Amino acid sequence: MVSNNFSIGFFDSGVGGTSIWKEVITLLPKESTIYLSDSKNAPYGEKSKEEIIALCKKNTEFLLNKNCKLIVVACNTATTNAITFLRDNYKVPFIGIEPAIKPAALITKTNTIGILATKGTLNSALFEKTSKTIRKDIQIQETIGKGLVELIEGGQLNSEEMSVLLSSYLNPMIANNIDSLVLGCTHYPYLIPQIREIVGSKVKIIDSGQAVAKQTKNILTNHKLLNIDDSNPAKHQLYINKDKTALKQLLYPIEAENIEIIEREF
Ligand code: DGL
(Lines give C-alpha, C1' and ligand atoms only; values in the text may rest on other atoms or scores of the structure.)
Protein backbone atom coordinates (compact mmCIF):
# COMPACT_ATOMS: atom_id res chain seq x y z
CA MET A 1 0.00 0.00 0.00
CA VAL A 2 1.41 3.42 -0.94
CA SER A 3 1.38 5.82 1.97
CA ASN A 4 1.55 9.62 1.82
CA ASN A 5 4.57 9.76 4.11
CA PHE A 6 6.67 7.76 1.62
CA SER A 7 9.40 9.69 -0.22
CA ILE A 8 9.35 11.38 -3.59
CA GLY A 9 12.04 9.82 -5.83
CA PHE A 10 14.21 11.77 -8.28
CA PHE A 11 16.83 10.72 -10.77
CA ASP A 12 19.16 12.41 -13.21
CA SER A 13 22.26 11.43 -15.17
CA GLY A 14 24.15 13.33 -12.49
CA VAL A 15 24.14 16.29 -10.15
CA GLY A 16 22.15 18.69 -12.37
CA GLY A 17 18.70 17.41 -11.45
CA THR A 18 19.25 18.90 -8.00
CA SER A 19 18.20 22.20 -9.65
CA ILE A 20 14.70 20.62 -9.88
CA TRP A 21 14.95 18.84 -6.53
CA LYS A 22 15.66 22.21 -4.81
CA GLU A 23 12.48 23.72 -6.30
CA VAL A 24 10.41 20.74 -5.15
CA ILE A 25 11.69 20.69 -1.56
CA THR A 26 11.18 24.46 -1.35
CA LEU A 27 7.55 24.22 -2.52
CA LEU A 28 6.83 21.05 -0.53
CA PRO A 29 8.86 21.29 2.70
CA LYS A 30 7.04 18.39 4.41
CA GLU A 31 8.04 15.89 1.72
CA SER A 32 10.97 13.51 2.21
CA THR A 33 12.97 12.72 -0.90
CA ILE A 34 15.46 10.27 -2.37
CA TYR A 35 17.64 11.62 -5.21
CA LEU A 36 19.79 9.49 -7.51
CA SER A 37 22.76 11.11 -9.20
CA ASP A 38 23.81 8.57 -11.84
CA SER A 39 27.09 10.45 -12.39
CA LYS A 40 28.98 7.28 -13.29
CA ASN A 41 26.87 7.08 -16.47
CA ALA A 42 26.81 10.82 -17.33
CA PRO A 43 26.31 12.21 -19.86
CA TYR A 44 23.10 10.49 -20.98
CA GLY A 45 22.85 12.96 -23.87
CA GLU A 46 25.43 11.12 -26.00
CA LYS A 47 23.80 7.67 -25.53
CA SER A 48 21.26 5.83 -27.69
CA LYS A 49 17.57 5.76 -26.78
CA GLU A 50 17.91 2.06 -25.81
CA GLU A 51 20.81 2.79 -23.47
CA ILE A 52 18.92 5.69 -21.88
CA ILE A 53 15.83 3.51 -21.33
CA ALA A 54 17.97 0.79 -19.68
CA LEU A 55 19.50 3.36 -17.28
CA CYS A 56 16.08 4.83 -16.50
CA LYS A 57 14.78 1.32 -15.70
CA LYS A 58 17.66 0.72 -13.31
CA ASN A 59 17.09 4.08 -11.55
CA THR A 60 13.32 3.59 -11.34
CA GLU A 61 13.65 0.12 -9.85
CA PHE A 62 16.11 1.35 -7.22
CA LEU A 63 13.64 4.09 -6.21
CA LEU A 64 10.68 1.69 -6.19
CA ASN A 65 12.63 -0.67 -3.91
CA LYS A 66 12.90 2.31 -1.55
CA ASN A 67 9.07 2.69 -1.71
CA CYS A 68 8.95 6.02 -3.51
CA LYS A 69 5.36 7.21 -4.03
CA LEU A 70 6.11 9.30 -7.13
CA ILE A 71 9.16 9.69 -9.37
CA VAL A 72 10.44 12.93 -10.84
CA VAL A 73 12.57 12.28 -13.91
CA ALA A 74 14.80 15.31 -13.27
CA CYS A 75 16.48 15.08 -16.65
CA ASN A 76 15.29 16.34 -20.05
CA THR A 77 17.29 13.67 -21.91
CA ALA A 78 15.77 10.85 -19.86
CA THR A 79 12.25 12.31 -20.13
CA THR A 80 12.30 12.90 -23.87
CA ASN A 81 13.69 9.40 -24.55
CA ALA A 82 12.16 7.21 -21.86
CA ILE A 83 9.07 8.68 -20.16
CA THR A 84 6.63 6.82 -22.42
CA PHE A 85 8.40 3.54 -21.67
CA LEU A 86 8.39 4.27 -17.93
CA ARG A 87 4.69 5.20 -17.85
CA ASP A 88 3.79 2.10 -19.85
CA ASN A 89 5.76 -0.24 -17.59
CA TYR A 90 5.42 1.02 -14.00
CA LYS A 91 2.35 1.99 -11.98
CA VAL A 92 3.98 4.80 -9.98
CA PRO A 93 3.17 8.35 -11.22
CA PHE A 94 6.06 9.98 -13.13
CA ILE A 95 6.71 13.69 -13.59
CA GLY A 96 8.98 14.51 -16.52
CA ILE A 97 10.79 17.63 -17.64
CA GLU A 98 10.90 18.90 -21.20
CA PRO A 99 12.52 22.06 -22.60
CA ALA A 100 10.13 25.00 -22.07
CA ILE A 101 9.88 26.04 -25.73
CA LYS A 102 6.12 26.62 -25.51
CA PRO A 103 6.39 29.34 -22.81
CA ALA A 104 9.31 30.86 -24.75
CA ALA A 105 7.21 30.97 -27.92
CA LEU A 106 4.52 32.92 -26.05
CA ILE A 107 6.84 35.70 -24.95
CA THR A 108 9.26 36.17 -27.85
CA LYS A 109 9.09 39.54 -29.60
CA THR A 110 11.84 38.84 -32.13
CA ASN A 111 10.15 35.54 -33.04
CA THR A 112 13.48 33.81 -32.47
CA ILE A 113 14.12 31.61 -29.48
CA GLY A 114 17.29 29.78 -28.55
CA ILE A 115 17.49 26.39 -26.95
CA LEU A 116 20.55 24.85 -25.38
CA ALA A 117 20.13 21.11 -24.67
CA THR A 118 21.82 17.75 -25.11
CA LYS A 119 22.02 15.87 -28.40
CA GLY A 120 19.75 13.18 -26.90
CA THR A 121 17.02 15.73 -26.14
CA LEU A 122 17.22 17.69 -29.40
CA ASN A 123 17.19 14.49 -31.49
CA SER A 124 14.30 12.88 -29.61
CA ALA A 125 10.92 12.21 -31.18
CA LEU A 126 9.17 13.88 -28.24
CA PHE A 127 11.10 17.12 -28.71
CA GLU A 128 10.37 17.06 -32.44
CA LYS A 129 6.66 16.60 -31.70
CA THR A 130 6.63 19.54 -29.25
CA SER A 131 8.58 21.76 -31.70
CA LYS A 132 5.89 21.16 -34.31
CA THR A 133 3.24 22.72 -32.04
CA ILE A 134 5.09 26.08 -32.08
CA ARG A 135 3.84 28.83 -34.43
CA LYS A 136 5.42 28.47 -37.86
CA ASP A 137 6.77 32.03 -37.93
CA ILE A 138 8.88 31.39 -34.82
CA GLN A 139 12.43 30.26 -35.45
CA ILE A 140 14.02 27.87 -32.95
CA GLN A 141 17.81 28.06 -32.80
CA GLU A 142 18.84 24.65 -31.46
CA THR A 143 22.32 24.20 -30.02
CA ILE A 144 23.84 21.09 -28.46
CA GLY A 145 25.66 21.99 -25.25
CA LYS A 146 28.35 19.37 -25.82
CA GLY A 147 30.80 19.18 -22.92
CA LEU A 148 28.84 21.35 -20.47
CA VAL A 149 27.45 18.46 -18.39
CA GLU A 150 30.93 16.90 -18.08
CA LEU A 151 32.38 20.20 -16.79
CA ILE A 152 29.57 20.61 -14.24
CA GLU A 153 30.00 17.00 -13.09
CA GLY A 154 33.70 17.75 -12.67
CA GLY A 155 32.99 20.83 -10.52
CA GLN A 156 34.31 23.17 -13.26
CA LEU A 157 31.42 25.68 -13.20
CA ASN A 158 33.61 28.74 -13.21
CA SER A 159 36.48 27.49 -15.34
CA GLU A 160 37.97 29.20 -18.37
CA GLU A 161 36.97 26.17 -20.43
CA MET A 162 33.34 26.64 -19.38
CA SER A 163 33.29 30.28 -20.40
CA VAL A 164 34.92 29.52 -23.78
CA LEU A 165 32.40 26.72 -24.49
CA LEU A 166 29.41 28.79 -23.40
CA SER A 167 30.48 31.75 -25.53
CA SER A 168 30.89 29.50 -28.55
CA TYR A 169 27.33 28.20 -28.11
CA LEU A 170 25.59 31.44 -27.14
CA ASN A 171 27.23 34.09 -29.34
CA PRO A 172 25.83 32.66 -32.61
CA MET A 173 22.34 32.63 -31.05
CA ILE A 174 22.66 36.28 -30.02
CA ALA A 175 23.87 37.14 -33.53
CA ASN A 176 20.67 35.50 -34.79
CA ASN A 177 18.59 37.83 -32.59
CA ILE A 178 17.18 35.48 -29.94
CA ASP A 179 15.32 37.24 -27.13
CA SER A 180 14.60 34.12 -25.05
CA LEU A 181 16.90 31.25 -24.19
CA VAL A 182 15.46 27.92 -23.06
CA LEU A 183 17.69 25.88 -20.77
CA GLY A 184 16.85 22.37 -21.95
CA CYS A 185 19.00 20.46 -19.50
CA THR A 186 18.64 20.37 -15.72
CA HIS A 187 22.38 20.92 -15.26
CA TYR A 188 22.26 24.32 -16.98
CA PRO A 189 20.42 26.41 -14.32
CA TYR A 190 23.70 26.21 -12.38
CA LEU A 191 25.28 28.19 -15.24
CA ILE A 192 22.78 31.09 -15.18
CA PRO A 193 25.29 33.66 -13.81
CA GLN A 194 27.85 32.73 -16.51
CA ILE A 195 25.17 32.67 -19.23
CA ARG A 196 23.80 36.05 -18.11
CA GLU A 197 27.28 37.58 -18.51
CA ILE A 198 27.39 36.46 -22.13
CA VAL A 199 23.81 37.13 -23.26
CA GLY A 200 23.31 40.39 -21.35
CA SER A 201 20.15 41.59 -19.65
CA LYS A 202 17.79 41.64 -22.64
CA VAL A 203 17.58 37.90 -23.23
CA LYS A 204 15.05 36.09 -21.02
CA ILE A 205 16.48 32.85 -19.60
CA ILE A 206 13.81 30.18 -19.16
CA ASP A 207 14.03 26.96 -17.18
CA SER A 208 11.32 24.59 -16.04
CA GLY A 209 12.21 23.98 -12.37
CA GLN A 210 9.30 25.86 -10.78
CA ALA A 211 6.80 24.44 -13.26
CA VAL A 212 7.95 20.91 -12.41
CA ALA A 213 7.60 21.64 -8.67
CA LYS A 214 4.02 22.90 -9.19
CA GLN A 215 3.19 19.88 -11.32
CA THR A 216 4.59 17.58 -8.61
CA LYS A 217 2.31 19.24 -6.05
CA ASN A 218 -0.72 18.89 -8.35
CA ILE A 219 -0.12 15.22 -9.07
CA LEU A 220 0.46 14.39 -5.38
CA THR A 221 -2.74 16.26 -4.53
CA ASN A 222 -4.75 14.45 -7.23
CA HIS A 223 -3.47 11.07 -6.03
CA LYS A 224 -4.11 12.06 -2.37
CA LEU A 225 -0.41 11.49 -1.71
CA LEU A 226 0.68 14.84 -0.24
CA ASN A 227 2.35 14.36 3.14
CA ILE A 228 0.12 15.85 5.82
CA ASP A 229 1.99 14.43 8.82
CA ASP A 230 4.42 17.01 10.19
CA SER A 231 5.30 15.18 13.39
CA ASN A 232 8.67 14.21 11.82
CA PRO A 233 10.84 16.63 9.80
CA ALA A 234 11.41 15.79 6.13
CA LYS A 235 14.56 13.76 5.35
CA HIS A 236 16.54 13.83 2.14
CA GLN A 237 18.88 11.10 0.93
CA LEU A 238 21.05 11.79 -2.10
CA TYR A 239 22.78 8.79 -3.65
CA ILE A 240 25.73 9.29 -5.99
CA ASN A 241 27.69 6.51 -7.72
CA LYS A 242 30.85 8.61 -8.13
CA ASP A 243 32.82 11.09 -6.03
CA LYS A 244 30.46 13.44 -4.16
CA THR A 245 32.52 16.65 -4.36
CA ALA A 246 30.57 18.31 -7.18
CA LEU A 247 27.25 17.38 -5.59
CA LYS A 248 28.25 18.93 -2.25
CA GLN A 249 29.39 22.06 -4.06
CA LEU A 250 25.98 22.48 -5.74
CA LEU A 251 24.00 21.84 -2.56
CA TYR A 252 25.80 24.54 -0.62
CA PRO A 253 24.37 26.52 1.26
CA ILE A 254 21.31 24.31 1.82
CA GLU A 255 20.96 23.26 5.50
CA ALA A 256 22.76 19.94 5.90
CA GLU A 257 21.22 18.43 9.04
CA ASN A 258 18.34 16.63 7.30
CA ILE A 259 20.37 15.86 4.15
CA GLU A 260 22.42 12.69 3.82
CA ILE A 261 24.77 12.16 0.87
CA ILE A 262 25.49 8.50 0.19
CA GLU A 263 28.33 7.50 -2.13
CA ARG A 264 27.62 3.98 -3.47
CA GLU A 265 26.87 1.84 -6.53
CA PHE A 266 23.28 1.60 -7.74
N1 DGL B 1 20.50 16.79 -16.70
C2 DGL B 1 20.42 16.09 -17.95
C3 DGL B 1 19.33 16.73 -18.82
O4 DGL B 1 18.48 17.41 -18.30
C5 DGL B 1 21.78 16.00 -18.54
C6 DGL B 1 21.85 15.08 -19.67
C7 DGL B 1 23.15 14.35 -19.88
O8 DGL B 1 23.57 13.65 -18.98
O9 DGL B 1 23.66 14.44 -20.99
O10 DGL B 1 19.25 16.53 -20.01
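Every value quoted in this text rests on a predicted model; they were computed, and no experiment measured them.
- Within a 6.0 Å sphere centred on CD of E197, other residues, nucleotides and ligands contribute 12 heavy atoms or fewer.
- Rounded to the nearest 0.5 Å, atoms OG1 (T79) and CG (L126) are 8.5 Å apart.
- Although no hydrogens or angles enter the test, the distance criterion places no donor-acceptor pair under 3.5 Å between the side chain of Y188 and the main chain of D207.
- Every residue was checked against the salt bridge (Lys or Arg N to Asp or Glu O under 4.0 Å) condition with R264, not counting sequence neighbours, and none meets it.
- Hydrophobic clustering, with ILVMFWY side chains joined whenever heavy atoms are under 4.5 angstrom apart, keeps F11 apart from L251.
- Side chain of S159 to main chain of M162: a donor-acceptor pair is present (N/O by atom type, distance under 3.5 Å, no hydrogens or angles).
- A distance of 7.5 Å separates OG of S3 from NZ of K69, quoted to the nearest 0.5 Å.
- Annotation: the span from T130 atom OG1 to E98 atom CD amounts to 4.0 Å, rounded to 0.5 Å.
- Linking Ile, Leu, Val, Met, Phe, Trp and Tyr residues whenever their side-chain heavy atoms come within less than 4.5 Å leaves I134 and L106 in two separate clusters.
- Residues A105 and I138 approach most closely at O-CD1, 3.5 Å, considering heavy atoms.
- Side chain of N67 to backbone of F6: no donor-acceptor contact under 3.5 angstrom is found.
- Under the 4.0 Å criterion applied to side-chain N and carboxylate O atoms, K132 and E128 are assigned as salt-bridge partners.
- Without hydrogens or angle criteria, T77 side chain to G45 main chain gives no donor-acceptor distance under 3.5 Å.
- A donor-acceptor pair under 3.5 Å is formed between the side chain of R196 and the backbone N or O of V203.
- Atom CD1 of I53 sits about 6.0 Å away from atom CZ of F85, to the nearest 0.5 Å.
- Under the 4.5 Å side-chain heavy-atom criterion for ILVMFWY residues, a single connected hydrophobic cluster contains both Y190 and I259.
- In this view, D230 and K30 satisfy the salt bridge (Lys or Arg N to Asp or Glu O under 4.0 Å) rule, not counting sequence neighbours.
- Summarising the local packing, NZ of K242 is surrounded by 12 or fewer heavy atoms from other residues, nucleotides or ligands at distances under 6.0 Å.
- In this structure, the side chains of Q215 and V72 stay at 4.5 Å or more apart for every pair of heavy atoms.
- Between the S37 side chain and the I240 main chain, no donor and acceptor come within less than 3.5 Å of each other.
- With rounding to the nearest 0.5 Å, the separation of OG in S124 from CD1 in I52 is 9.0 Å.
- Nearest heavy atoms, T121 versus N81: N-ND2, 4.5 Å.
- More than 12 heavy atoms of other residues, nucleotides or ligands lie within 6.0 Å of CD in E263, so this atom counts as buried by the packing criterion.
- Heavy-atom minimum distance, A234 versus P29: CB-O, 3.4 Å.
- Judged purely by atom type and a 3.5 angstrom limit, K66 has no side-chain atom pairing as donor or acceptor with the backbone of I34.
- Salt-bridge check for K214 with E23: failed, with every basic side-chain N at 4.0 Å or more from each acidic carboxylate O.
- Between V24 and E31 the shortest side-chain heavy-atom distance does not fall below 4.5 Å.
- The backbone N or O of K119 lies less than 3.5 Å from no partner atom in the side chain of E46, so there is not a single donor-acceptor pair.
- Crowding of Q210 atom CD: a count of heavy atoms from other residues, nucleotides or ligands under 6.0 Å not exceeding 12.
- In terms of modelled atom types and a separation under 3.5 Å, the side chain of Q194 and the main chain of L157 share a donor-acceptor contact.
- Between L28 and K217, the closest heavy-atom pair is CD2-CG, 3.7 Å.
- When the side chains of ILVMFWY residues are joined at heavy-atom separations under 4.5 Å, either directly or via intervening members, L148 and M173 end up in a single hydrophobic cluster.
- Going from atom NZ of K58 over to atom OG1 of T60 covers 9.5 Å, rounded to the nearest 0.5 Å.
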E161/L151 under side-chain contact (heavy atoms from CB on, under 4.5 Å): CA gap, chis, key distance, verdict: CA-CA 8 Å; E161 206 180 337; L151 286 176; 3.8 Å; yes
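- P172 approaches S167 most closely through the heavy-atom pair CD-O, 4.0 Å.
- Linking ILVMFWY residues whenever their side-chain heavy atoms come closer than 4.5 Å, directly or via other members, leaves I95 and L55 in distinct clusters.
- Evaluation of the side chain to side chain donor-acceptor pair (under 3.5 Å) test over residues 169-181, restricted to residues two or more places apart or in two chains, returns T108-D179, T110-D179, Q141-N176.
- Nearest heavy atoms, C185 versus N76: CA-ND2, 3.3 Å.
- Close placement of the Y239 and F62 rings is indicated, their centers lying within 6.0 Å of each other.
- Side-chain atoms of Y44 and D38 include a donor-acceptor pair closer than 3.5 Å.
- With hydrogens and angles ignored, the 3.5 Å screen pairs a side-chain donor or acceptor of Y35 with a backbone N or O of T18.
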